[in-house]
Amino acid sequence: MASEKNLDLMEKIVNLCKRRGFVFPSSEIYGGINGFWDYGPYGSRMKRAVENLWWHEMVEMRDNIEGLDSTIICHPRVWKASGHLDQFSDLMTDCRDCKARFRVDQMEDPTRCSNCKSPNLTEPREFNLMMKTFVGPVFDEEHTAYLRAESCQPIFVDFHSVRIATRQKLPFGIAQIGKAFRNEINPRNFTFRSREFTQMEMEFFCEGEQGMEFFEYWKEQRIKYYREKLKFADSFFRIYEHEKLAHYAKAAIDIEVKFPFGWGELEGVHHRGEWDLSQHSTFSGEDLRYMDHDTGRKIMPTVIETSVGLDRTMLAILANAYDEDTAATQKEGMEEDVRIVLHLPPLVAPIQVAVLPLSKKLNESADTLFRDLNRHFRCEQDVTGSIGKRYRRQDEIGTPFCVTYDFESDTDNAVTVRNRDTMEQTRIGVTQLRDFLEDAIAR
RNA sequence: GCGAGUGUAGCUCAGUUGGUAGAGCAUCACGUUGCCAACGUGAUUGUCGUCGGUUCGAUUCCGAUCACUCGCUCCA
């Protein structure tokens with residue numbers, strides 16, 4: 001019963017995203033392409049805002065985190081070292097009867113299902129979640145390269161250069177926002193699992209004995225970010241503690257969110273130990289150890305990773321924000337009507353302030369106000385339709401504040417600020433407007 | 001990847017027992033109104049997901065394919 005209601009919510013979000021220009025299927029006029037999505041005008045504004053928020057919190061506000069913007073295509077040996085290439089380069093076969101999947105090289109009898117003994121197996125196929133391409137005009141094995149399956153590996157690869165360029169001492173971190181690609185077997189749930197997506201990752205390097213301490217620190221920091229910056233209620237997200245750890249990991253948690261389709265991973269905070277830098281040291285032959293000049297010791301840093309999906313963050317924010325309530329209407333025969341509203345945090349709303357002249361006769365003065373506000377906030381002006389209709393349009397895309405320019409504004413130099421969530425209006429002098437909005441948006 | 005379902009206007013959907021399509025909402029213009037999807041008049045929009053087959057004729061029947069949703073699987 002609950003799931004039925006939730007499915008509706010997912011459909012509503014998808015429809016709203018399509019209708020109002022948040023997210024479209026990629027290549028839609030060609031029938032779409034499975035696992036790829038485009039962000040439209042409002043979506044791209046919002047995505048950029050979320051990205052900027054993360055970057056601001058993780059890099060700009062901290063003096064021991066450095067930024068990086070590395071390439072999507074790296075030397076193939078990077079993925080040898082990370083284990084991504086070997087992990088899934090096996091031939092796999094599926095049993096058509098019991099649906100089990102096996103590595104062909106591990107089967108006692110490759111012609112029969114190891115589980116139900118059925119001979120009804122699919123042709124062995126190579127499975128690799130990495131997307132393959134070729135560097136240079138010759139398409140052969142020698143020129144094969146891969147699109148990165150996660151954005152963190154180049155951070156490890158560039159560790160040395162970043163440290164030298166910035167003269168950072170342990171502990172310090174390197175952060176990066178960028179695209180990653182995975183040939184997911186089954187893209188699902190709108191943008192939740194797609195084949196091209198954006199990650200926001202930070203690798204924090206410290207001495208081994210400080211690992212658990214920083215693991216706890218980053219876990220707290222990230223939870224605080226969701227609570228305070230993205231306004232997630234405690235009931236909307238939860239911490240999942242990994243019981244089974246990857247062979248290299250010392251500790252791991254996921255921050256999970258209550259998506260319309262169920263709980264899903266949004267961010268991982270992982271204690272990766274010395275694994276990544278050790279692997280790249282071994283495979284590249286470069287000594288990636290850190291020289292501690294105070295003690296004269298060379299140490300292999302331990303890594304704490306925070307890794308979050310930007311697209312999943314977008315979906316989570318939208319799911320958390322979507323609401324339908326009832327509001328008064330002047331439609332004939334109706335007193336109330338459904339109001340669709342996104343309660344987006346003002347910091348990430350695609351439009352933060354909408355400027356609405358009460359009448360088209362006031363367009364010119366409103367336009368001046370719009371141009372002024374647009375220098376400081378993400379703004380939009382709308383002059384078509386009744387004022388009520390324009391409020392509803394803004395509600396639907398989550399605009400927290402509508403500034404209405406009316407017939408008195410010219411004489412009293414004041415406007416009405418209408419609040420998205422309460423629908424209440426406040427008269428404010430134009431000279432105080434910027435301060436008022438800045439304060440309200442930052443809150 | 002397997003199984004099931006779905007695909008008609010920007011959105012939600014109706015429809016055609018085979019004769020190339022409609023509604024509501026949305027959008028746009030004009031008028032009116034002047035603070036919560038108001039009203040009136042008018043206007044725009046579809047290769048009926050795509051390709052192929054059967055047919056005099058296919059959006060409708062058949063096949064394939066693509067996409068989405070759900071269940072299983074997968075998520076290193």
Side-chain angles (χ1 to χ4, degrees), chain A residues 3-4 6-8 10-12 14-21 24-37 40 79 82-90 92-101 120-123 125 127-130 149-150 182-190 192-195 246-249 254 260-262 264-265 268 309 326-334 336-341 356-362 384-396 402-408 415-420 422-425 427:
Chain A
S3 67
E4 209 179 314
N6 288 339
L7 293 182
D8 278 351
M10 194 61 172
E11 283 171 32
K12 285 170 178 174
V14 173
N15 290 340
L16 179 64
C17 282
K18 176 77 200 302
R19 202 171 70 241
R20 298 306 311 271
F24 314 124
S26 168
S27 315
E28 201 181 8
I29 64 170
Y30 289 99
I33 175 165
N34 196 354
F36 297 86
W37 300 90
W79 309 108
S82 70
H84 286 80
L85 266 184
D86 293 331
Q87 208 80 35
F88 271 87
S89 59
D90 309 303
M92 308 283 282
T93 184
D94 293 309
C95 173
R96 291 197 177 92
D97 292 327
C98 73
K99 313 301 180 196
R101 174 171 294 162
N120 193 9
L121 300 171
T122 60
E123 281 297 304
R125 283 163 297 193
F127 270 71
N128 194 308
L129 291 195
M130 293 201 74
E150 56 184 27
R182 294 181 199 180
N183 269 320
E184 294 288 355
I185 292 167
N186 195 359
R188 272 292 164 90
N189 294 322
F190 197 31
F192 180 79
R193 178 173 299 132
S194 52
R195 289 180 166 142
H247 63 277
Y248 53 81
D254 288 345
F261 52 82
E265 182 187 347
T326 53
T329 183
Q330 292 182 358
K331 283 183 185 172
E332 278 174 8
M334 295 171 74
E336 288 189 324
D337 199 7
V338 175
R339 180 177 82 121
I340 296 172
V341 51
L356 313 173
L358 191 58
S359 160
K360 286 175 185 172
K361 293 163 192 142
L362 301 162
T384 59
S386 70
I387 188 70
K389 169 170 273 187
R390 284 178 274 159
Y391 284 149
R392 299 304 169 82
R393 282 190 193 129
Q394 296 299 330
D395 289 338
E396 209 175 45
C402 290
V403 172
T404 307
Y405 198 95
D406 60 31
F407 289 99
E408 285 81 55
V415 290
T416 301
V417 176
R418 181 262 196 186
N419 182 295
R420 172 195 67 199
T422 63
M423 295 171 70
E424 279 165 8
Q425 296 176 314
R427 190 109 188 131

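Everything numeric in this text was worked out from a predicted model, so none of it was measured. We use all heavy atoms of the structure for the numbers below, so side chains are in, but hydrogens, waters and symmetry mates are not.
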When rounded to whole Å, the CG to C1' distance for the pair Leu362(A) and G34(B) reads 9 Å
Got a second to check how far Cys17(A)'s SG is from Phe190(A)'s CZ, nearest 0.5 Å? 4.0 Å
Round to the nearest Å and state the distance from Asn419(A) atom CG to C35(B) atom C1'. 15 Å
What's the closest nucleotide to the side chain of Lys361(A) if the choices are C35(B), G34(B), U27(B)? G34(B)
Between Phe407(A) and Ser359(A), is a side-chain contact (heavy atoms from CB on, under 4.5 Å) present by the stated rule, with each step listed? CA-CA 8 Å; Phe407(A) 289 99; Ser359(A) 160; 3.4 Å; yes
Between Thr384(A) and Trp37(A), who's closer to the 5' end of RNA chain B by nearest nucleotide? Thr384(A)
Any donor-acceptor pair under 3.5 Å from Arg195(A) side chain to Asn183(A) backbone: no
Out of C36(B), U27(B), C35(B), whichever nucleotide has its closest atom nearest the side chain of Arg393(A): U27(B)
With sequence neighbours excluded, what pairs up with Tyr405(A) under the ring-ring contact (aromatic ring centres under 6.0 Å, His included) test? none
Whole-Å distance between U27(B) C1' and Glu396(A) CD? 13 Å
Give Ile387(A) one of three labels, base, sugar-phosphate or nothing, depending on what nucleic acid heavy atoms sit under 4.0 Å from its own. sugar-phosphate
Just N and O in the side chain of Lys18(A): are any of them under 4.0 Å from OP1 or OP2 of A26(B)? no
Kindly point out which of C72(B), C35(B), C30(B) is positioned nearest to the side chain of Arg188(A)? C72(B)
Distance between the P atoms of C72(B) and U65(B), in whole angstroms? 25 Å
Just checking Gly262(A): base, sugar-phosphate only, or nothing, at a heavy-atom cut-off of under 4.0 Å? nothing
Under a 4.5 Å cut-off applied to non-hydrogen side-chain atoms, are Arg418(A) and Asp395(A) in contact? yes
Side chain of Tyr30(A), base of C66(B): donor and acceptor closer than 3.5 Å? no
C1' atom, U8(B) versus G49(B): distance in rounded Å? 10 Å
Sugar-phosphate only, base, or nothing, as touched by Arg418(A) at under 4.0 Å among non-hydrogen atoms: base
Just how far, in rounded Å, is P of A37(B) from CZ of Arg420(A)? 19 Å
Round to the nearest Å and state the distance from Glu265(A) atom CD to C74(B) atom C1'. 14 Å
Which atom pairs, donor and acceptor, lie under 3.5 Å between side-chain atoms of residues 384-391 of chain A and protein residues at least two apart or in another chain?
| residue | atom | partner | partner atom | Å |
| --- | --- | --- | --- | --- |
| Thr384(A) | OG1 | Asp382(A) | OD1 | 3.2 |
| Ser386(A) | OG | Lys389(A) | N | 3.2 |
| Arg390(A) | NE | Gly385(A) | O | 3.1 |
| Arg390(A) | NE | Ser386(A) | O | 3.4 |
| Arg390(A) | NH1 | Pro357(A) | O | 2.7 |
| Arg390(A) | NH1 | Asp382(A) | O | 2.9 |
| Arg390(A) | NH2 | Pro357(A) | O | 3.2 |
| Arg390(A) | NH2 | Gly385(A) | O | 3.3 |
| Tyr391(A) | OH | Thr404(A) | OG1 | 2.7 |
| Tyr391(A) | OH | Gln425(A) | NE2 | 3.2 |

Does a nitrogen or oxygen in the side chain of Asn186(A) sit under 4.0 Å from OP1 or OP2 of C2(B)? no
Which nucleotide in G1(B), A67(B), G34(B) has an atom nearest any side-chain atom of Asn34(A): A67(B)
Pairwise distance CZ(Arg20(A)) to CD1(Ile340(A)) - rounded to 0.5 angstrom: 10.0 Å
Determine: side-chain N/O of Ser386(A) to OP1/OP2 of A37(B), distance under 4.0 Å, yes or no. no
Indicate, yes or no, whether a donor-acceptor pair under 3.5 Å links the base of G10(B) to the side chain of Arg20(A). no
Rounded to whole Å, please give me the gap between CG in Leu129(A) and C1' in G1(B). 12 Å
Do Asp395(A) and C36(B) have a side chain to base donor-acceptor pair shorter than 3.5 Å? no
Separation of Arg193(A) atom CZ from C72(B) atom P, in whole Å? 13 Å
CD of Glu424(A) to OG1 of Thr416(A): how many Å apart, nearest 0.5 Å? 13.0 Å
What nucleotide, of G3(B), A26(B), C35(B), holds the atom closest to the side chain of Lys389(A)? A26(B)
Starting from P on U69(B), measure out to CZ on Phe192(A) and report it in whole angstrom. 13 Å
Base-pairing string, 5' to 3', of RNA chain B - Watson-Crick or wobble, under 3.5 Å, | interstrand: (((((((..((((.....[..)))).(((((.......))))).....(((((..]....))))))))))))....
